[in-house]
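Read through the structure below, which is laid out as structure tokens, and then see the notes.
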Amino acid sequence: MSKALERREKLRTELILAAERMIADRGLSGLKTRDLAREIGCANGAVYNLVADVDELILLVGSRTLRRLDEALSAAESSDAPLPQEALVRIAIAYCDFAAENLQPWRALFEHRMEAGKVVPDWSVDDQMRLFRHIYQPLVALFPGRSPEELGITARSLFSAVHGMVALGLEQKLVAVPLPALREEIAGLVRAMIDGLIAQAGQSRAAVGP
């Protein structure tokens, strides 16, 4: 690699890390390319020699956030080899804890909107969808007779329910819930949903008969 390319890659890495810090400190709305350029020591226009646009920069930061979230969820599901039901509870609580500890980067994942007419690149979609395996795999163990499509819908439904509770519970307004209470409520919700799905599956098998 030439020295010019090495310098570009070094500046690109510095830009992504600076954007990550800025989002963590100020939130997504506080991300300013002029401030980023000043921090990494380049001209404002040179930022766009390192990334295509602000959307790409935000997605690159988001990819780093998703990797750290992936690590947190992997650690939660691998401890003590829990039953599938409890694995889902641990994953949900780990998601809540990660959001609470990384509030602004986590919010940025959902606040960011691409410019009109632009689509999210495949690599970013893959980063997002890869995390659903943490929910999908315990569901396969619980409901081996369900199709991948059915399990995918159930996984997304579980995520939506937990995410909604986390998003509202961590809102810094009147609806905010103390973190210990929020964790308990999320655990109760996940257990109730899984118990309901197991009961529903049992009723369906009974209706079909032997």
Side-chain angles (χ1 to χ4, degrees), residues 1-2 4-74 91 95-96 98-136 148-149 151-173:
M1 183 183 294
S2 70
L5 284 176
E6 285 181 3
R7 171 168 169 72
R8 181 186 182 278
E9 286 304 307
K10 180 174 181 294
L11 269 178
R12 177 179 162 88
T13 299
E14 290 176 359
L15 175 66
I16 295 167
L17 294 176
E20 185 176 49
R21 290 191 297 270
M22 194 171 290
I23 289 172
D25 291 341
R26 308 179 183 176
L28 187 59
S29 62
L31 185 68
K32 307 297 181 186
T33 57
R34 188 176 302 278
D35 293 345
L36 289 172
R38 186 183 306 114
E39 183 169 341
I40 67 172
C42 72
N44 189 40
V47 167
Y48 299 103
N49 293 327
L50 303 173
V51 292
D53 50 31
V54 174
D55 280 331
E56 183 186 27
L57 179 58
I58 293 170
L59 291 176
L60 288 167
V61 172
S63 184
R64 289 175 55 83
T65 303
L66 290 171
R67 282 197 294 273
R68 291 191 292 113
L69 174 57
D70 194 6
E71 291 171 0
L73 300 183
S74 294
I91 290 164
Y95 179 77
C96 175
F98 181 89
E101 294 164 6
N102 303 271
L103 191 56
Q104 295 294 359
W106 171 77
R107 280 179 172 165
L109 293 172
F110 303 96
E111 291 176 355
H112 174 235
R113 298 289 183 272
M114 300 288 288
E115 289 183 11
K118 293 177 63 177
V119 297
V120 179
D122 289 343
W123 61 264
S124 181
V125 174
D126 290 344
D127 284 345
Q128 297 168 36
M129 297 308 297
R130 194 174 298 119
L131 270 72
F132 276 94
R133 77 184 189 280
H134 296 289
I135 309 173
Y136 187 88
E149 292 76 15
L151 291 170
I153 291 171
T154 301
R156 291 193 292 275
S157 297
L158 275 170
F159 170 76
S160 297
V162 171
H163 174 75
M165 287 191 70
V166 172
L168 287 174
L170 296 180
E171 186 66 36
Q172 295 172 349
K173 296 180 182 177

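What's counted below: heavy atoms across the whole structure, side chains too, no hydrogens, waters or symmetry copies.
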Would you find more than 12 non-hydrogen atoms of other residues, nucleotides or ligands less than 6.0 Å from Asp122 atom CG?
-> no
I want to check something: taking the side chain as every heavy atom from C-beta on, are [X] and [Y] in contact at a cut-off of under 4.5 Å?
{"X": "Gln104", "Y": "Ser29", "result": "no"}
{"X": "Glu115", "Y": "Val54", "result": "no"}
{"X": "Thr65", "Y": "Asn102", "result": "no"}
{"X": "Glu20", "Y": "Leu60", "result": "no"}

Parallel, tilted or perpendicular: rings of Phe159 and Phe132 (30°, 60°) | perpendicular
Using 30° and 60° as the class limits, which term best fits the ring planes of His163 and Trp106: parallel, tilted or perpendicular?
-> tilted
Check [X] against [Y] and note the closest heavy-atom contact, atom names and distance.
{"X": "Met22", "Y": "Lys32", "answer": "SD-N, 3.5 Å"}
{"X": "Phe98", "Y": "Ala72", "answer": "CD1-CB, 4.2 Å"}
{"X": "Leu170", "Y": "Cys96", "answer": "CD1-O, 4.4 Å"}
{"X": "His134", "Y": "Ser74", "answer": "CE1-OG, 3.2 Å"}

[atom1]-[atom2] distance between [X] and [Y], expressed to the nearest 0.5 angstrom:
{"X": "Glu149", "Y": "Leu151", "atom1": "CD", "atom2": "CG", "value": "9.0 Å"}
{"X": "Leu131", "Y": "Leu69", "atom1": "CG", "atom2": "CG", "value": "5.0 Å"}
{"X": "Asp126", "Y": "Leu66", "atom1": "CG", "atom2": "CG", "value": "11.5 Å"}
{"X": "Ile23", "Y": "Arg64", "atom1": "CD1", "atom2": "CZ", "value": "11.0 Å"}
{"X": "Ile135", "Y": "Ile91", "atom1": "CD1", "atom2": "CD1", "value": "7.0 Å"}
{"X": "Leu109", "Y": "Leu28", "atom1": "CG", "atom2": "CG", "value": "9.5 Å"}

Looking only at atom types and distance, does a side-chain atom of Ser63 sit under 3.5 Å from a main-chain N or O of Leu59, one as donor and one as acceptor?
-> no
For Arg7 and Ala4, indicate whether the former's side chain and the latter's backbone hold a donor-acceptor pair under 3.5 Å.
-> no
Salt bridge or not for Lys10 and Glu14, using N-O below 4.0 Å?
-> yes
Got a salt bridge between Asp55 and Lys118, using NZ or NE/NH1/NH2 to carboxylate O under 4.0 Å?
-> yes
Which is it for Asp53 and Met114 under the side-chain contact (heavy atoms from CB on, under 4.5 Å) test, yes or no, and what are the steps along the way?
-> CA-CA 11 Å; Asp53 50 31; Met114 300 288 288; over 6 Å; no
Please list, one pair per line, the donor and acceptor atoms closer than 3.5 Å that link side chains of residues 37-51 to other protein atoms, with sequence neighbours excluded.
| unit_1 | atom_1 | unit_2 | atom_2 | d |
| --- | --- | --- | --- | --- |
| Arg38 | NH1 | Asp35 | OD1 | 3.0 |
| Glu39 | OE2 | Arg21 | NE | 3.4 |
| Glu39 | OE2 | Arg21 | NH2 | 2.6 |
| Asn44 | OD1 | Thr33 | OG1 | 3.4 |
| Asn44 | OD1 | Arg34 | N | 3.3 |

